[in-house]
Amino acid sequence: MPPTRDVELEAAPPADDRTLRGSARVQAADRAAAVIISAGGLSVIAAVVGICFYLVYVTVPLLAPGGADAGEPIAADFAVSDHAPLLDEYLHTAAWIGEDASIEHRLLSDGVIIGSSPFPFAQEDGETFRTIAADPVSGFLVAQSDSTLAWASARYRYSIVTGENAPSHAERLPDDRFRVSELEYETVGSAAIDRAIVDADVIDGRRRRVIAAIDEAGELLLWSVRKSRSLIGGGGEQDAVALDTAAIEALDNAARVILLADNQCVVLGGDGTFLRIAIGRADAVETERGRLWDGSEQLSAATTLIGDRTIVAATDAGTIGSWWVGFDPLDPEDPGRMVSGPALSRSGDSVTSLTTSHRERVVLVGDASGGVRVLHASSGKQVAAIDVGTSVQTVAVAPKTDGFVVATQDGYTVGSVRLGHPDVTPRSLFSPMLFEGQLQTQYVYQASGATDAAEPKLSLVPLIFGTIKATVASMLFALQFSVLAAIYTSEFLSKRVRGVVKPMIETMASLPSVVLGFVAAMVVAPFVAEHLSVVLASFVVVPLLVLVISGLSGFRAGSSNETHGSAALPMYVVLVAAAGIGLSIALANAFELVLFGPDRADVLTLAVSVEPTADGLGTSPVEPATDETRARVDDLAEEFAQPSVAVKNWLSGVYGAAGPGWFALIAPAMAVLCILVVWPLATARSSRIRDAAWEPIARIATSCMFGIVAGGLAAVLLASADIDPRESIVGAFTQRNTLVIGIVMGFAIIPIIYTISDDAIQSVPASLRAASLGAGATRWQTTVRVVLPVAASGIFSASMLGLGRAVGETMIVLMATGNTPIMDWNVFEGLRTLSANIAVELPEAERGGTHYRLLFLCGVVLFVMTFVVNTTAEIVRQRFRKRNSML
Amino acid sequence: MKRLAAIASLAVAALCHGAQSSDPTDLLDPELAPYKPARGVAGSVKSVGSDTMNNLMTFWAESLQRFYPGVSVEITGKGSSTAPPALTEGQASFGPMSRQMKSKEVDSFEAEWGYKPTLLKTGIDCLAVYVHKDCPLHEISVDQVRQVFSVDGPDMTWGDLGVDDPAYKFQRIVLYGRNSASGTYGYFKQQALGDSDYKSSVKEQPGSSSVVQAVGTDRFSMGYSGLGFRTQEVKALSIVDEFGEAVEPNAGTAFDGSYPYARFLYVYINKDPNRALDPLREQFVRLIFSREGQEAVLKDGYFPINAYIARQQLEQLGLNPAF
């Protein structure tokens, strides 16, 4: 009837209108919420992008090159000299050294003379002195008269005065103040000589000053002056004492003498030969003679780098090389040998002048065609270059390495230099480098020292290695516990018990990592060190016992589904685990002595109960003859029988063969492989064995036997091939090691992996489970074959999240390792991660300096690693999600 | 509560150190005058720098607070290398350091402020090489120290140092040291290792007391730290110098320079050369160079400077020593 239809039509809402039309207030709130949430999301993205930009902004200048600018040439005839001027720190004045060893102090801006001082000895004795050598870094001047060789060091002193007291040449500062630079002589000394000296050098050591000189025939003369070290003043210097150098044969064609740190002296010949001498307390001994380059090139300039350990020498063919004395670290008696460092230049114009920086490992090179180059010695990189047009006479660099003075025939030019960050190059960060004093290239990270001379060693490879090692160790420990726990709590526990257990595990995540680090360092590390054999044994015994007991439970009558959900089962497992720990405490020492204990011959050798062998070339152990020896042998045997002592000594390589170590590593691994992989494959076809009650226990028993046999075989094979585990995956034991990190950091990431895996497993649709159970599968079969494959993506992304957390974990690693940047897979050794490195070193890095930017680069590397891990996880998760959404 | 704890700790420290030397106050120069308080001193003292001098700065700061209760004090000691950046950025009023500033650090400061920082010598320390109290070794030569700690030497066992005890002979020497932020690290690297690098296996501890604590719990270990951190669990080895004489670390050998690793403890301060120090910092510095200040140095286990050096330091700052 028409009225009813109208009413119906009005009552029903329009079918295609999807917008919830509410009141205006609701709509306004809706729009406001949309704006606020979008703004929040966008600002999060903006913050992350901003952080990335900041990281890049701080790091990119590391790659920026340096540069140099030259000012206008200033005509001057006083600048013509064999010796470079001594520059003051502010590049305001310079001291030119005359041929008679007097000093003229002049303004750099126009060359006007401010003051002059004669050589101290010239005043006293009235003799004429001739300059032999001048060292711009230490300020030492060496000069000789007919009968005396004298040395003095000239130092600048700066004072800041107000306007009225300022002399006209003072440098103007803001606030109407002036800075005055004055040159003073200090530490003078002399020695008697009777011949003409060609070259000389002076070096200050800790307890003495050494002076070296060579004469025209190439003979070496040495003097030593003992210095007093009294802190509260008093004491002075003693007279120069000549050292006995008569035994040293002179070098032909000797041109330069250079004193190096660690009591070394090198005489360089003009044709590339050299003679190295070790300076003792009262005499000097020749240690090495050889050649630095082939005889066709002539030495034209030589100097030492800051720290006086490396010689930089240049030839007239433009070759510039660096050399230092390398000592073998394994041989304390090694006299060392000259090692060639990075070549700074292989060819070019003849080098006329070489000078070194006071602060950095940088040399300035002037050549015959007027080119001036700034080279970084550690990397061989050219930082800057300019051209002054005419042949360079001398080059001097300002103490702060921010400027230089080039002197030519016509006059001099003042220039400025920006070094940039030459220490950091992709090669120095990621490939092995050869450092001063060493014989081979290696990866080293030692970013700073207390002195200017410390060579920064900035390889990131040990840090990246340490990060990976810590992450692997903690994942190996955490992954199986958390995933298996997640499977158990979500599939087998009753809801009631799960409601208690899950929050308890999640509470583990609330422990601050600094507390965990503290516990690791103060409790876990000493415990593991004290009871190492028990800890290692429990890794094998506890899982084995749990497996055996659970295998035996296969004989129990009754449906497995009922027992799974009970609260009593976890209690049983805990009891069994405790029994396992008790068993390992009881058996550990026995196992340790059987596998790693010393045999009688070892004990006798170590207790020095030996006698010479028949051929007289060695010793062989014998039973003790005297009471004293017997007591020593018994003490040692008793010492080694103590718990955990034998395994640590075996690890340190004090005695013992490789075989037992391989057995201990491979046998458990083979057994696990057999249980997890071989048995399922073998019983895939045969349901009679697979479903039998004795299957689990048979599986365990045969896998153990297989493990023992396979382990024994592998041990024999590898030991006979001379491959020792002590050089790779295990090694000398230290208290703060990767095992402790694995345990504690594993503990920290277990809740993360657990929570997300648990949620992933829970989110598998119940219909799948029901269908599987309805088809007759047991709970376990349903879990392994139906639920896990579906939840796999979630479990994978959970472990990736845990991995990301492990990569970035700072406090635990900082406190529980020794922060030693070692590249070693040894599980009983410490490590240093990128994050801990940043935490330790950032407070001491000067803002804007190389070290500071390098630490930000560590942050960038860490960011990239975490980004890659998380992106992979997300991609995998999305891919599986698409597949699962169809279920 | 804090004051009570401070007095208690001073008393305990005095007892401990009194037990070691017969009369520690003998070491104090009698010419050092007692501190005379001034008026109108208020503000806050912020110190960033050496861990070795952490306790010492705390003693001085609490001494200052006893005279001027209105002064607040904030002391952070993460290592000497944290002092130069803090001083340069103006975040600290004092920078205690157990080593001198490197030239690059001075340059940074100068680039920011236009003048160099002022260096004050405030105390003397012997940097000791510690071993566990049960360790049979009593002395070690400077060459052996270098070989043990430096990359130039091999991994050494106790037998390599001449120890015959079978429990020790084959054990590796476990090494403890400081991290690179520490002035103690830098000073030891320069003096004991001759500027060569440490072995990678030297475990880096965050502070001086944690080095001593680690050595005290690990029987086969050796570490270096300031003498003021000595406990009953460790012993400090005598050092045999280059001339064959065994030198024990104590005040006498520190003063005359025969102990190879004796050093000054420095405090760096930002003093504009043409302006006077503000009253708070002036009084803190006067307190350091007074009798009370140097008594605090003694209480912390270090050795005091004499009046001559104290006068020099005060004159450096343009202050009249008045003794």
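In what follows, chains are A, B, ... by sequence order, proteins preceding strands, each numbered from 1.
The side-chain heavy atoms of B:Lys78 and A:Glu844, taken from C-beta on, include no pair separated by under 4.5 Å. Counting heavy atoms from C-beta outward, B:Lys116 and A:Glu89 have side chains that approach closer than 4.5 Å. Side-chain contact check for B:Lys203 versus A:Thr734: some heavy-atom pair is nearer than 4.5 Å.
In this structure, chain A has no heavy atom under 4.5 Å from any part of B:Phe188. Contact of B:Asp165 with chain A is not made at all, since no heavy-atom distance falls under 4.5 Å. Of the two parts of B:Ser108, only the side chain, counted from C-beta on, holds a non-hydrogen atom closer than 4.5 Å to a non-hydrogen atom of chain A. Only the side chain of B:Asn179 has a heavy atom closer than 4.5 Å to any heavy atom of chain A. Residue A:Glu436 does not touch chain B at all, counting heavy-atom pairs closer than 4.5 Å.
Ranked by heavy-atom pairs under 4.5 Å with chain A, the list B:Glu89, B:Met156, B:Arg172 is led by B:Glu89.
Take B:Thr118 and apply the side-chain hydrogen bond (donor to acceptor under 3.5 Å, both in side chains) test, not counting sequence neighbours, and it matches no residue. Remark: B:Arg146 pairs with A:Asp262, B:Asp152 by the side-chain hydrogen bond (donor to acceptor under 3.5 Å, both in side chains) rule, at least two apart or across chains.
The OG atom of B:Ser200 sits 10.0 Å away from atom CZ of A:Arg832, with the distance rounded to the nearest 0.5 Å.
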